[in-house]
Chemist: 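Pasting a structure here, questions to come.
None of these values were measured; they are calculated from a predicted model.
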Amino acid sequence: MAAINLDALKNFDINQLRSLDPKNMGSWPLPMRILVLIGIFCAVLLAGYYFVVAEQVADRGKLVDTENTLKSEFESKALQAANLDTYKQ
């Protein structure tokens, strides 16, 4: 693995960013390539959460509420069924 030259980072000038060729990312300094790749990775994760997971989390909350309602209805009807002979009398 290539070691990152810390002296180059200390002497880094923000104006060097203007000279980077966006069509040739392979010629960029290693720290810049790493930052761009981390940014892309984070953007993909956030987009995946927003478009896939967020809706499923909301649906899960609704389904949990429905499950609790159905459980309480089942318990009350099971109690009535167990006491059916008493109700008939």
Chemist: side-chain contact (heavy atoms from CB on, under 4.5 Å) with Ile38: which residues, sequence neighbours excluded?
Modeler: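 Scan of Ile38 (side-chain contact (heavy atoms from CB on, under 4.5 Å), adjacent residues dropped) gives Ile34, Cys42.
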Chemist: Determine which pairs satisfy salt bridge (Lys or Arg N to Asp or Glu O under 4.0 Å) with at least one residue from residues 48-64, sequence neighbours left out, and list them in order.
Modeler: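 The answer is none; no pair qualifies.
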Chemist: Apply side-chain contact (heavy atoms from CB on, under 4.5 Å) to Asn24 and list each qualifying residue two or more places apart in sequence or on a separate chain.
Modeler: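 Listed in chain order: Asp21, Ser27.
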Chemist: Going by the rule side-chain contact (heavy atoms from CB on, under 4.5 Å), which residues pair with Val53 if we only count those two or more places apart in sequence or in a different chain?
Modeler: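 Only Tyr49, Val57 meet the side-chain contact (heavy atoms from CB on, under 4.5 Å) criterion with Val53.
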Chemist: Could you grab the distance from atom CG of Leu35 to atom CD1 of Ile40, nearest 0.5 Å is fine?
Modeler: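 Leu35 CG to Ile40 CD1: 11.0 Å, rounded to 0.5 Å.
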Chemist: Which residue pairs pass the salt bridge (Lys or Arg N to Asp or Glu O under 4.0 Å) test with at least one member in residues 63-80, sequence neighbours excluded?
Modeler: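 Listed once each, the pairs are Glu67-Lys71.
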Chemist: Got a sec, which hydrophobics cluster with Leu46, joining ILVMFWY side chains under 4.5 Å apart, including via others?
Modeler: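 Members besides Leu46: none; it forms no cluster.
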